[in-house]
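Encoded as structure tokens, the structure appears first; notes follow it.
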Amino acid sequence: MRLYCTSKGEVVPFEPGEVVTMYTCGITPYDATHFGHAATYLTYDVLQRRLRDRGHDTKCVRNITDVDDDLLRKARELGVHYLDLAAGEIARFDGDMEALGLIPSWSEPRATSAIADIRGFIGMVLDRGHAYTAGGSVYFDVGSWDRFGEVSHYDRDEMLAFAAERGGNVDDPNKRDPLDFVLWQPSAPDEPFWESLWGPGRPGWHIECSALALRELGTTIDLHGGGSDLIFPHHECESAQSEAATGEPFVRHWMHQAMVRMDGEKMSKSLGNLVFVSELRKEWDTRAIRLAAIAHHYRTPWEWDDEIMPTAAGRLDAWLAAGPGDGGLAEARAALDDDLDTPGAVAAIDAAAAAGRGVGDAAALLGVDLTA
RNA sequence: GCCUCCGUGGUCGAGUGGGAAGACGCCUGCCUGCAACGCAGGAGAUCACCGGUUCGAAUCCGGUCGGGGGCUCCA
């Protein structure tokens, strides 16, 4: 099987051992699951299905960021406790994912469950000399890490521009370098806090994923996934602090899902240009929602439009009419092994169905159950 | 979809209007017990495709196809 690796910048062989360890960044549960989320997790779902089809066992961790600036802000606006807000949204998210037929995560840990791990992890980074304390915060010392940039391949100016647009932290006077990032930070008066050696506070943005990946899967994981909007700074920082803490390679293969767009812009919570899975479920068969996503290649950004769902529903009807059988299965497998070419696999199944062959097996490989 | 960069012998890659460098790989010879290394020589490119400008296009312009990056946030 071959997959594009963000860090290597090309399609490379993906040849994990019998057990494949995967970590995909999950959601911050302060708003409903939208189609972009679904597209991302469906990509890793189809990847796992093909890996299992090839005889591997897969362990995919998907974390939940239940303490974070956005979540705390939204809870403050709504006047509810942040964990109550999170619990409701986690339930909706899990409901959406289950409805779409995703293989359950091997583990779905929450950031607040990992405070002890996070504190220990920060201690490891400090002990190895790659972090420093200042003003009640602990910062990662980017200047001590010459491999910073090996995931995203941005140059320093690009990194600074991206970091600066994220809310002014580059001007933090406690930082030795504007690109340094927070591992631990003091909480605002109305925010949750935990005791630590560096004073009461809460985790920085990136640290939970490093601590959880280490706790759940060990020092080196086979594949790390997430949306392409996480490449920088999130994954760059995650990689740096993980390798700084353990001294071992963190990730063998970086795989990123391209953004789904709408009205010419990224579909995102902050812009409000969203298509919610929960809304789509009211009108469409969940199998058609899955098909709508995987009819696009994970590495190609694409734009939502009103033809997406009718097209997918029509395809599902055609496959249902074709019924059980192994039509298109070999072609679908070959397509998935070629950089997870789900559009190619879908096209192969379309062709088999059009030729009058049953396609139940190939559809099942893509997670579409025609017997339901 | 939009913006942007790119597409040169098997591979990598220089070359921005006038002789298609170089590296690796490959072939032959010398060297060697045989090889490798080294040395000498050699083969291999209608410069993605179509059209245009020009005396002349890899190079400029338009289009097509293919690829990278971005489209700003936390999928």
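Lettering follows sequence order; numbering is per chain, from 1.
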*Using a cut-off of 4.0 Å on non-hydrogen atoms, how would the nucleic acid contact of A:Asp305 be classed: base, sugar-phosphate, or nothing?*
nothing
*Measure from OH on A:Tyr23 to P on B:rA75 and round the result to the nearest Å.*
13 Å
*Would you tell me whether A:Asn63 and A:Glu208 have side-chain atoms, one donor and one acceptor, within less than 3.5 Å of each other?*
yes
*Can you find a side chain N or O atom of A:Arg261 that sits less than 4.0 Å from OP1 or OP2 on B:rC2?*
no
*Within this structure, what is the NZ-to-P distance between A:Lys8 and B:rG68, rounded to whole angstrom?*
16 Å
*In whole angstroms, how far is the P atom of B:rA75 from the CH2 atom of A:Trp304?*
18 Å
*Atom OH of A:Tyr41 and atom P of B:rC74: how far apart are they, to the nearest Å?*
12 Å
*Could you tell me the separation between the CD1 atom of A:Ile27 and the C1' atom of B:rC74, rounded to a whole number of Å?*
12 Å
_Any strand: nucleotide that pairs with B:rU53 via Watson-Crick or wobble, under 3.5 Å_ = none
*Say you pick atom P in B:rC65 and the same atom in B:rC73; how far apart are they, in whole Å?*
31 Å
*When A:Met1 is tested against each of A:Arg333, A:Arg50, A:Glu15 for side chain to side chain contact (heavy atoms under 4.5 Å, CB included), which residue passes?*
A:Arg50
*asked:* Could you check whether atom CZ of A:Phe232 has more than 12 heavy atoms from other residues, nucleotides or ligands sitting under 6.0 Å from it?
replied: yes
*asked:* Just to be sure I understand the rule, does A:Gly226 reach a base, reach only the sugar-phosphate, or reach nothing, if contact means heavy atoms closer than 4.0 Å?
replied: sugar-phosphate
*Identify the nucleotide, in any strand shown, that forms a Watson-Crick or G-U wobble pair with B:rC39, with both distances under 3.5 Å; if there is none, say none.*
B:rG29
*asked:* Using the C1' atom as the point on both nucleotides, what is the distance between B:rA43 and B:rG10, in whole Å?
replied: 13 Å
*Should B:rU59 form a Watson-Crick or G-U wobble pair with both distances under 3.5 Å, which nucleotide is its partner?*
none
*What is the distance, rounded to the nearest whole Å, between atom CE of A:Met259 and atom P of B:rC71?*
9 Å
*Say you pick atom C1' in B:rG25 and the same atom in B:rC12; how far apart are they, in whole Å?*
10 Å
*In terms of hydrophobic clustering (I, L, V, M, F, W, Y; side-chain heavy atoms under 4.5 Å; direct or indirect links), are A:Val151 and A:Tyr44 co-clustered?*
no
*Does B:rG22 pair with anything, Watson-Crick or G-U wobble, both distances under 3.5 Å, and if so, with which nucleotide?*
B:rC12
*Salt bridge check: are A:Asp68 and A:Lys74 linked by an N-O gap of less than 4.0 Å?*
no
_Proximity to the side chain of A:Arg299 - top-ranked nucleotide from B:rA75, B:rG68, B:rG1_ = B:rG68
*Please determine, by modelled atom types, if A:Ser210 and A:Gln241 share a side-chain donor-acceptor pair under 3.5 angstrom.*
yes
*asked:* When the P atoms of B:rG29 and B:rC37 are compared, how many Å lie between them, rounded to an integer?
replied: 16 Å
*Going by atom types alone, do A:Thr21 and A:Asp222 pair a side-chain donor with an acceptor below 3.5 Å?*
yes
Protein-nucleotides 11-14 of chain B N/O pairs under 3.5 Å:
none

*Please determine, for B:rC65, whether a Watson-Crick or G-U wobble partner exists with both distances under 3.5 Å, and give it or none.*
B:rG7
_Distance between C1' atoms of B:rA45 and B:rG15 (Å, rounded)_ = 14 Å
*Check the distance between B:rC74's C1' and A:Phe93's CZ and give it to me in whole angstrom.*
14 Å
*For A:Gly9, report the nucleic acid contact type (base, sugar-phosphate, nothing); a contact means any heavy atom under 4.0 Å.*
nothing
*Rounded to the Å, how far apart are A:Asp229 CG and B:rC73 P?*
10 Å
*P atom, B:rC60 versus B:rG17: distance in rounded Å?*
8 Å
*Nearest-nucleotide comparison on RNA chain B, the residue closer to the 5′ end among A:Asp70 and A:Pro301*: A:Pro301
*With rounding to whole Å, what would you report as the distance between B:rA57 and B:rC71 at their P atoms?*
40 Å
_Would you say that A:Leu214 contacts A:Ser242 through its side chain, given a criterion of any heavy-atom pair below 4.5 Å between the two side chains?_
no
*Give a yes/no on whether any side-chain N or O of A:Thr28 is located under 4.0 angstrom from OP1 or OP2 of B:rA75.*
yes
_Distance test, side-chain N/O of A:Tyr4 to OP1/OP2 of B:rG69, below 4.0 Å_ = yes
*Quick one: do the A:His56 and A:Gln48 side chains pair a donor with an acceptor below 3.5 Å?*
no
_B:rA48 to B:rU28 separation - C1' atoms, rounded to the nearest Å_ = 33 Å
*asked:* Reading RNA chain B from 5' onward, which residue's closest nucleotide shows up sooner: A:Ala39 or A:Tyr154?
replied: A:Tyr154
